[in-house]
Amino acid sequence: MPKPLKKAVLPVAGLGTRFLPATKALAKEMLPVVDKPLIQYAVEEARAAGIEQFCFVTGRGKTALVEHFDVAYELEATLRERSKTEALALLATTSMPPGSVMSVRQQVPLGLGHAIWCARAFVGDDPFAILLPDDLVLADVSWVKQLAEVYEQTGGNVVAVEEVPREHTSRYGILKVGHDDGRLVEVTGLVEKPKPEEAPSTLSIIGRYILLPEVIGELARFERGAGGEIQLTDAMARLIGRQPFHGLRCEGRRFDCGDKAGFLEAQIAFALKRPDLADKVRAFLGRYV
Ligand code: UTP
């Protein structure tokens with residue numbers, strides 16, 4: 001029986017340069033899709049998979065991310081006084097059990113791998129999930145839950161994967177693929193941001209991972225990879241062959257909300273799923289397309 005999966009690390013210390021000037025004073029992960037910030041979608045997805053402990057890896061100007069899950073005492077009191085029950089119910093969706101959220105600081109954004117290493121005390125000897133909140137998922141079953149089921153069967157590392165156009169491989173961590181049953185893929189190698197002509201496949205890692213704690217030791221070598229950054233992919237690659245390693249094509253859709261077009265598409269897709277908005281959105285979309 002593999003150790004139960006109860007922890008998640010959410011790295012949110014990136015600079016968010018693609019969303020400047022919006023992200024000058026506001027964390028990218030606080031940008032809302034319809035009416036909920038990206039960070040809350042990620043936390044809800046993890047909780048739906050039974051995750052109980054959260055560690056945000058934050059940086060300068062990111063305190064709102066932690067505050068979002070705190071009690072807003074004055075606001076709650078005012079809403080209660082005014083009998084705003086609907087607003088109170090919305091506020092309640094951000095409530096977390098005491099002690100379940102912690103944050104660590106990545107003072108300088110040296111890369112995703114370095115951000116994960118910053119959470120080493122939180123991870124300890126336990127398996128953990130990683131969620132990059134700017135990958136937003138629309139699915140019937142939480143992607144972390146889908147990955148957790150594979151982890152329970154294999155006891156090893158598992159990442160969400162998706163086919164990308166070959167001309168985009170240099171934006172992603174790309175898999176070298178062993179056995180592939182169309183859903184679950186055996187990972188035999190990993191390359192971060194390969195040129196299209198050098199990519200071993202077009203199957204790329206999406207921002208959901210379940211990893212064994214040994215990856216932290218590999219990250220502690222502080223080796224610089226693509227873009228001069230300490231890359232998580234490189235540390236994971238060194239574990240292949242020593243631990244089970246799989247990719248899972250999860251069921252559902254992923255939106256790259258770190259990118260403007262992906263973010264706008266997510267707004268439309270999520271709004272069309274909302275009974276209070278779908279008709280209005282469909283009606284106005286017709287005026288533009
Ligand atoms: P991105 O590659 O999207 O970088 O990071 P970014 O800085 O957030 O955005 P752009 O490209 O400048 O617009 C992927 C994830 O890794 C985190 C980010 O917060 C994001 O969740 N990250 C990246 C860190 O926490 N620390 C880093 O040093 C780098």
Side-chain angles (χ1 to χ4, degrees), residues 8-33 37-43 45-46 54-66 68 101-123 128-137 143-144 159-162 164 168-174 190-194 204-209 211 215-216 219-236 254-264 266:
V9 176
L10 290 89
V12 289
L15 297 176
T17 52
R18 284 171 290 169
F19 270 98
L20 283 170
T23 48
K24 183 185 170 194
L26 176 78
K28 172 173 71 173
E29 297 80 7
M30 281 305 291
L31 295 175
V33 168
L38 291 170
I39 189 78
Q40 192 178 337
Y41 286 101
V43 166
E45 184 189 328
F54 294 84
C55 178
F56 296 170
V57 183
T58 68
R60 209 187 115 267
K62 304 273 183 169
T63 41
L65 288 164
V66 182
H68 185 71
V101 179
M102 64 172 278
S103 73
V104 296
R105 201 88 167 171
Q106 185 195 28
Q107 291 86 348
V108 184
L110 296 177
L112 176 59
H114 183 260
I116 301 302
W117 176 80
C118 289
R120 62 198 177 280
F122 170 80
V123 170
F128 64 108
I130 300 173
L131 295 92
L132 308 189
D134 49 3
D135 271 331
L136 178 62
V137 168
W143 276 24
V144 180
V159 295
V161 296
E162 205 170 83
V164 296
H168 292 171
T169 57
S170 58
R171 299 182 193 169
Y172 295 94
I174 300 290
L190 288 170
V191 194
E192 183 63 26
K193 300 188 172 53
S204 86
I205 304 178
I206 302 306
R208 299 290 183 275
Y209 312 64
L211 299 180
V215 74
I216 300 288
L219 289 168
R221 293 158 64 151
F222 303 124
E223 278 175 22
R224 304 264 177 165
E229 296 194 341
I230 298 167
Q231 296 288 358
L232 178 60
T233 307
D234 297 341
M236 294 193 304
R254 186 264 321 192
F255 299 89
D256 179 4
C257 289
D259 170 77
K260 285 188 259 280
F263 182 69
L264 290 172

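Only heavy atoms go into these numbers, but all of them, side chains included; no hydrogens, no water, no symmetry mates. Each ligand, and each atom within it, is numbered from 1 in the order the structure gives.
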Inset, instruction - Under 4.0 Å from a heavy atom of Glu29: give me the atoms of ligand 1 that qualify, with their elements. - result: 19 (O), 21 (O)
Inset, instruction - Measure Ala115 to ligand 1 on non-hydrogen atoms and call it side chain, backbone, both or neither using the 4.0 Å cut-off. - result: side chain
Distance-only donor-acceptor pairs under 3.5 Å for side chains of residues 110-120, two or more places apart:
unit_1: His114; atom_1: ND1; unit_2: Gln106; atom_2: NE2; d: 2.9
unit_1: Arg120; atom_1: NH1; unit_2: Trp117; atom_2: O; d: 3.2

Inset, instruction - Using a cut-off of 6.0 Å, state whether more than 12 heavy atoms not belonging to Arg221 lie near its atom CZ. - result: yes
Legend entry - Distance flag for atom 7 (O) of ligand 1, protein heavy atom under 4.0 Å: yes
Inset, instruction - Quick one: pull up CD in Gln107 and OG1 in Thr58 and give me the separation to the nearest 0.5 Å. - result: 9.0 Å
Legend entry - Interatomic distance, Glu223 atom CD to Ile230 atom CD1 [nearest 0.5 angstrom]: 9.5 Å
Legend entry - Sole candidate of Leu65, Leu31, Leu10 that passes side-chain contact (heavy atoms from CB on, under 4.5 Å) when paired with Pro133: Leu10
Legend entry - Point-to-point distance, once rounded to the nearest 0.5 Å, from CG of Leu132 to CG of Asp256: 10.0 Å
Legend entry - Side-chain donor or acceptor of Arg208 paired with backbone N/O of Asp135 under 3.5 Å: yes
Inset, instruction - Give a yes/no on ligand 1: does Glu229 have at least one heavy atom closer than 4.0 angstrom to it? - result: no
Inset, instruction - For Asp134, counting its heavy atoms only, list the atoms of ligand 1 lying under 4.0 Å from any of them. - result: 3 (O)
Legend entry - Any residue meeting side-chain contact (heavy atoms from CB on, under 4.5 Å) with Glu229, in chain and number order, not counting sequence neighbours: Gln231
Inset, instruction - Determine whether any heavy atom of Lys28 lies closer than 4.0 Å to an atom of ligand 1. - result: yes
Inset, instruction - Check each heavy atom of Gln106 against ligand 1 and say whether those closer than 4.0 Å belong to the side chain, the backbone, both or neither. - result: side chain
Inset, instruction - Would you mind listing which atoms of ligand 1 come within a distance below 4.0 Å of any non-hydrogen atom of Gly111? - result: 26 (N), 27 (C), 28 (O), 29 (C)
Inset, instruction - Could you tell me whether ligand 1 has any atom less than 4.0 Å away from a heavy atom of Gly258? - result: no
Inset, instruction - Hey, could you give me the CG/CD distance between Asp134 and Glu29, rounded to the nearest 0.5 Å? - result: 6.0 Å
Inset, instruction - Could you tell me the residue and atom name of the protein heavy atom closest to atom 13 (O) of ligand 1, and the distance to it rounded to 0.1 Å? - result: Arg18 N, 2.8 Å
Inset, instruction - Give the residue and atom name of whichever protein heavy atom lies nearest to atom 25 (O) of ligand 1, and the separation in Å to one decimal. - result: Ala13 N, 2.9 Å
Inset, instruction - Determine whether the side chain, the backbone, both or neither of Thr17 has a heavy atom under 4.0 Å from any heavy atom of ligand 1. - result: both
Inset, instruction - Output the distance between atom CD (Glu192) and atom OG1 (Thr169), rounded to the nearest 0.5 Å. - result: 11.0 Å
Legend entry - Protein contact to atom 16 (O) of ligand 1 [nearest heavy atom, distance to 0.1 Å]: Leu112 CD1, 3.6 Å
Inset, instruction - Please write down residue, atom name and distance for the protein heavy atom closest to atom 17 (C) of ligand 1. - result: Pro11 O, 3.9 Å
Legend entry - Top protein contact for atom 22 (N) of ligand 1, by heavy-atom distance: Gly14 N, 3.7 Å
Inset, instruction - Determine whether the side chain, the backbone, both or neither of Leu110 has a heavy atom under 4.0 Å from any heavy atom of ligand 1. - result: backbone
